[in-house]
Amino acid sequence: MAVKIYNTLTRKKEDLQTLEPGKIKIYVCGPTVYSKAHVGHAMSAMVFDILRRYLEYRGYDVRYLMNFTDVDDKIIQRANERGVDPFELAEGYIRDYEQNLADLNIKPASFNPRATQEIGQIIEMIEGLIEKGYAYPVDGDVYFRVEKDDDYGRLSGRKLDDMQAGARIDVDTRKEHPMDFALWKAARPGEPEWESPWGKGRPGWHIECSAMNLHHIGEQIDIHGGGNDLIFPHHENEIAQTESLTGKPFATYWVHNGMLQLGGEKMSKSTGNLITIEDFLADYSADVLRFTVLNSGYRSPLTFTKEVLAQSQKGLERLASGLRPALPGVKGASLEVLDTLAKAVETAQENFVNAMDDDFNGSGALASLFDLVRVINQTRSSGATDEELSAAQDKVRELSGVLGLMLVTEEAGTSKADAFIDMLVSLRSSLRQDKQWAYSDRIRDELLALGVILEDSKDGTTWRWGS
RNA sequence: GGCGACGUCGCCAAGUGGUAAGGCAGAGGUCUGCAAAACCUUUAUCAUGGGUUCGAAUCCCAUCGUCGCCUCCA
C-alpha cells in the first residue's frame, strides 16, 4: 500500500508518487527571523518532522530543506528600533530557532538556505521572468504580472476578479494590476541593499523560496510544506514565479498544517497572541507538544490549552507505562499469554503503518501504540519476565521513535541517589513487615515529595522517578 | 463581500456509504494494611432541517455556529 498525502492543490488525498523512485525532495517554509519563535512555529516544524521521519521509516531517501527568511521589512524595522545591524539581528534569531528545534527533538534539515545567500539566483530568476514577459520593472522595483499567468489562483482557489471585489488593496498606480506582487524592492536609505540591473535593492518575500528551491533541489520538488496561512499569497506566488519561468509543475504535493489556536484565535507573531517555544519548554516537555500535535489532525486547527496539555501529559505517561520492567519475583507468563503479546506486536505494527500511510494519521498511530501498551501491561500482570516483555517494548520504542516521541523517563539505575533510595525502600520493607504503617507511609510520602514514586505489590516494592 | 476548512461522548479526537478507534476525565470492580500503578467492566448515533440510497457521521442542498485566508504571518 502506498502512502497517501492530502494535496492542497487538488483538495484530495493522493498516492505518493515521487519524481525519482525511492527519493523524495521536501521544502518547508521556515520562519522570518525577527523575533523569538512561538509554539505555532513549533507545531508546524513538528508536523513536517513527523512527515519526514515517517517517510524515512518507509524507506525513502529524504532531502529536506527548510529556509530562513533573513531579510524583510520587519527585520529591518526591528533592527532600526534597536539600533542594531539587521543581519546580526536575524543571525541571533536563527541561532535561537535552531536551538528551539533541537530542544523539540526535531531533526535538522538537510540544509537551511537563507534568502541573503541566494541573491544571485534571485536576480537571475527575475531577469528570466522579465525576459519572458512575466515581470516588469518600475522605478527600481520589479513586479510579477499576475494577469499574464493563466493559472494564477489555482492553489488557493481564487480568481483575480473575486479578490478585487472586497479586498483592501493599496492603490499603487505604478502597478499594472493591483495583485501584481514585488519580486524586487528598491532600497530605501539605511536599508540592506544589493546591486541589481534595476538599481540597488533587495528581494521580495516570495521570490526567495522559489530561488532557493531552484538552486538547491531543482525545478521540480515532491512536497512543499508550510502553514495554511501561507497558501495565499505566499505559495500561490511561488507557484506563479517558478512555473512561469520553468514551464514545469513546481511541487507535486502541497501540504499545509492547520493553525494553533490560543484563546480561540490563531497564535500569531504579528498580533502578539503567542507563547514562545522557550516559555513552553520551561513548563512542559517536548513530548507533550509532540503528543498534542500527533493526537490532532495536522490539517485541523489545534486547540492549545492547559487542559489539552495535561491530557497529553497523562497520555504520555500511559505510553511510558508499557516500558516499565517486569514485576518483582515473577517466573514467566504462559505460552498463551506470550502468544497474545506476539500477535499484539504484529497488529500494532500493521495498524501503525496503515494509520500513518493514510495522510499521517497521528491519532490512529497513537491508538495502535496504546493498544499494544495495554497488552504489554496485561502480560506483565500475568507474571512475564523482562525478557518476555522486551520484544514488545522494543516495538513501542521503535514506533514512538518514528513519531519522534522520546518517552524518556528518568530511570532507576542512572542517578547517584539510587543507592540511597534503594536503602530507604529496603528499610521501609522491613517496617512494613513489622506493620509499622505510620513510618512506612511517611517514607513513601516524603520520597514522593522528592519525585520518587513507590509502588507496592505482594512480591515487593518498586520505585521510579515521577515526571 | 469573496474563497476555503471545520462542527463526532464532559474534554482531546479517529473514522468519508454498511449499524461509531484511541487517550483524558467519570462510575463500579480486582489487587493492596492504606495508597499508587496496572488490569477488568461501563459511558455517544455523529450541529440542525431537508434530500439521494436497500443502507449515511460518511454524498447533495439549506440553516446555524466556529476558524483561517483575502495585509506580514508556521
Side-chain angles (χ1 to χ4, degrees), chain A residues 8 11 13 28-32 34 37-48 66 69 72-74 77 153 156-159 161-170 179 205 225-234 236 256-261 264-271 274 291-292 294-297 299-303 305 307-319 321-322 324 327 351 355 358 361-371 373-374 376-382 432 435-437 440-441 444-445 448 453-458 462 464 466:
Chain A
T8 306
R11 317 255 169 209
K13 282 183 196 172
V28 178
C29 283
T32 302
Y34 69 88
H38 59 67
V39 186
H41 298 110
M43 174 201 176
S44 184
M46 235 170 216
V47 163
F48 290 102
M66 188 204 70
T69 297
D72 132 292
D73 289 347
K74 292 207 168 147
Q77 189 190 333
S156 55
R158 292 154 206 259
K159 297 187 181 97
D161 298 340
D162 293 341
M163 285 187 286
Q164 288 179 75
R168 298 176 289 146
I169 295 164
D170 291 341
M179 294 308 294
W205 176 36
N228 69 13
D229 53 351
L230 297 181
I231 293 173
F232 190 90
H234 186 52
E236 194 71 70
H256 294 99
N257 63 277
M259 293 294 103
L260 195 66
Q261 301 293 122
E265 265 176 43
K266 175 184 165 187
M267 187 174 285
S268 163
K269 209 151 52 167
S270 51
T271 59
L274 57 81
F291 186 99
T292 308
L294 282 163
N295 189 44
S296 89
R299 286 187 278 127
S300 312
L302 197 170
T303 317
T305 62
E307 197 189 356
V308 167
L309 296 173
Q311 288 177 6
S312 296
Q313 179 73 55
K314 300 287 274 182
L316 282 165
E317 280 166 25
R318 176 160 186 78
L319 283 184
S321 79
R324 288 182 201 155
L327 301 173
N351 290 347
D358 185 12
N361 182 345
S363 181
L366 287 176
S368 74
L369 285 170
F370 281 118
D371 288 339
V373 163
R374 187 181 318 107
I376 290 174
N377 288 340
Q378 284 166 351
T379 309
R380 183 192 299 103
S381 299
S382 317
R432 289 184 69 225
K435 300 199 190 303
Q436 299 280 332
W437 308 127
S440 66
D441 287 354
R444 184 174 63 197
D445 291 346
L448 182 64
I453 298 167
L454 297 197
E455 287 171 357
D456 298 325
S457 76
K458 62 177 188 290
T462 57
R464 61 193 166 88

Query raised in the report: Reckon A/N377 has a side-chain N or O less than 4.0 Å from the OP1 or OP2 of B/C39?
Result: yes

Query raised in the report: Looking only at atom C1', what distance separates B/G51 and B/G23, rounded to whole Å?
Result: 37 Å

Query - d(NZ, A/K13; P, B/U58) in whole Å - result: 16 Å

Query - Nearest listed nucleotide, side chain of A/H38, among B/A35, B/A13, B/A74 - result: B/A74

Protein-nucleotides 3-6 of chain B N/O pairs under 3.5 Å:
| residue | atom | partner | partner atom | Å |
| --- | --- | --- | --- | --- |
| B/C3 | O2' | A/S156 | O | 3.3 |
| B/C3 | O2' | A/G157 | O | 3.0 |

Requested in this report: Return the minimal non-hydrogen interatomic distance between A/F232 and A/S156, and the atom names on each side.
Outcome: CD1-OG, 3.4 Å

Query raised in the report: Judged by atom type as modelled, is there a donor-acceptor pair below 3.5 Å linking the side chain of A/R464 to the main-chain atoms of A/R324?
Result: no

**Report entry** Euclidean distance for P, B/C60 against B/G29 (whole angstrom)
**Finding:** 48 Å

Query - Whole angstrom value for the distance that separates C1' of B/C34 from CG of A/L448 - result: 14 Å

Report task. Give one of base, sugar-phosphate or nothing for A/L454, where a contact means two heavy atoms less than 4.0 Å apart. Result -> base

Query raised in the report: Counting only Watson-Crick or G-U wobble pairs whose two distances fall under 3.5 Å, which nucleotide matches B/C67?
Result: B/G4

Query - Any N/O donor-acceptor pair, A/S381 side-chain to B/C39 base, under 3.5 Å - result: no

Query raised in the report: Distance under 6.0 Å and angle within 45° of the ring axis: does A/K269 meet both against A/Y34?
Result: yes

**Report entry** Six-ring centre of A/F370, A/R318 cation under 6.0 angstrom, axis tolerance 45°
**Finding:** no

Query raised in the report: A/T32 near the nucleic acid: base, sugar-phosphate alone, or nothing, with a heavy-atom cut-off under 4.0 Å?
Result: sugar-phosphate

Query - Integer angstrom distance from the C1' of B/U45 to that of B/G4 - result: 29 Å

Report task. Could you state the atom-to-atom distance from NZ of A/K266 to P of B/U66 in whole Å? Result -> 19 Å

Query raised in the report: Do the side chain of A/N361 and the base of B/G15 come within less than 3.5 angstrom through a donor-acceptor pair of N or O atoms?
Result: no

Query raised in the report: Contact class for A/L260 (heavy atom, under 4.0 Å): base, sugar-phosphate, or nothing?
Result: base

Requested in this report: Using the C1' atoms only, state how far B/A25 lies from B/C9, rounded to an integer number of Å.
Outcome: 12 Å

Query raised in the report: Between B/C31 and B/G26, how far is it from one P atom to the other, in whole Å?
Result: 22 Å

Report task. Using a 4.0 Å heavy-atom cut-off across all strands, classify A/E307 as base, sugar-phosphate, or nothing. Result -> sugar-phosphate

Requested in this report: Verify the distance criterion only: is there a donor paired with an acceptor across the side chains of A/S270 and A/S268 at less than 3.5 Å?
Outcome: yes

**Report entry** Any A/K266 side-chain heavy atom under 4.5 Å of A/L260 side chain
**Finding:** no

Requested in this report: Go through the steps for A/N377 and A/R374 under the test side chain to side chain donor-acceptor pair (under 3.5 Å), then give the verdict.
Outcome: CA-CA 5 Å; A/N377 288 340; A/R374 187 181 318 107; over 6 Å; no

**Report entry** Partner nucleotide of B/U42 by Watson-Crick or wobble geometry (both distances under 3.5 Å)
**Finding:** B/G26

Requested in this report: Inspect the contact between A/E236 and A/R158 and indicate whether a charged nitrogen and a carboxylate oxygen are less than 4.0 angstrom apart.
Outcome: no

Report task. Would you mind classifying the nucleic acid contact of A/G153 as base, sugar-phosphate or nothing, using non-hydrogen atoms under 4.0 angstrom? Result -> nothing

Query raised in the report: Would A/L302 and A/M43 satisfy side-chain contact (heavy atoms from CB on, under 4.5 Å), going step by step from the backbone distance to the final call?
Result: CA-CA 9 Å; A/L302 197 170; A/M43 174 201 176; 4.0 Å; yes

**Report entry** Watson-Crick/G-U partner (both atom distances under 3.5 Å) of B/U19
**Finding:** none

Tabulated below should be each protein N or O lying under 3.5 Å from an N or O of nucleotides 22-25 of chain B; please produce it.
| residue | atom | partner | partner atom | Å |
| --- | --- | --- | --- | --- |
| B/G22 | N2 | A/N295 | OD1 | 3.3 |
| B/G23 | OP1 | A/R374 | NH2 | 3.2 |
| B/G23 | N2 | A/Q311 | OE1 | 2.8 |
| B/A25 | OP1 | A/K314 | NZ | 3.4 |

Query raised in the report: Does B/C31 have a Watson-Crick or wobble partner in any strand here, with both distances under 3.5 angstrom, and which is it?
Result: none

Query raised in the report: What nucleic acid atoms does A/L230 come within less than 4.0 Å of, heavy atoms only: base, sugar-phosphate, or nothing?
Result: sugar-phosphate

Report task. Just name whichever nucleotide pairs with B/A62, Watson-Crick or G-U, keeping both distances under 3.5 Å, else none. Result -> B/U48

Requested in this report: Before giving the answer on side-chain contact (heavy atoms from CB on, under 4.5 Å), spell out for A/M66 and A/F48 the whole-Å C-alpha distance, their side-chain angles and the decisive distance to 0.1 Å.
Outcome: CA-CA 10 Å; A/M66 188 204 70; A/F48 290 102; over 6 Å; no

Query raised in the report: With respect to the side chain of A/D441, which nucleotide from B/G15, B/C34, B/C40 is positioned closest?
Result: B/C34

Requested in this report: Could you please name the partner base of B/A74, counting Watson-Crick and G-U wobble pairs only when both distances are under 3.5 Å?
Outcome: none

Requested in this report: Could you give the distance separating B/G55 and B/U41 at their C1' atoms, to the nearest angstrom?
Outcome: 32 Å

Report task. For A/K458 and for A/S270, locate the closest nucleotide of RNA chain B by heavy-atom distance; then report the residue assigned to the nucleotide nearer the 5' terminus. Result -> A/K458

Requested in this report: Please tell me which of A/R432 and A/L302 maps to the more 5' nucleotide of RNA chain B, matching each residue to the nucleotide holding its nearest heavy atom.
Outcome: A/L302

**Report entry** Whole-Å C1' distance, B/G7 and B/C12
**Finding:** 15 Å

Query raised in the report: In Watson-Crick or G-U wobble terms, both distances under 3.5 Å, what is the partner of B/G55?
Result: none

Query raised in the report: If only atom types and distance count, is the side chain of A/S44 paired as donor or acceptor with the main-chain N or O of A/G40 below 3.5 Å?
Result: no

Query raised in the report: With both distances under 3.5 angstrom, what nucleotide forms a Watson-Crick or G-U wobble pair with B/A37?
Result: none

Requested in this report: Determine the interatomic distance between P on B/A20 and the same-named atom on B/A27; round to the nearest Å.
Outcome: 27 Å

**Report entry** Any A/T462 side-chain heavy atom under 4.5 Å of A/L327 side chain
**Finding:** no

Requested in this report: Select base, sugar-phosphate, or nothing to describe what A/K435 touches, counting heavy atoms under 4.0 Å on all strands.
Outcome: nothing

Requested in this report: Classify the side chain of A/D229 and the base of B/C72 as holding, or not holding, a donor-acceptor pair under 3.5 Å.
Outcome: no

Query raised in the report: So what does A/G225 hit on the nucleic acid, given a heavy-atom distance under 4.0 Å: a base, only sugar-phosphate, or nothing?
Result: nothing

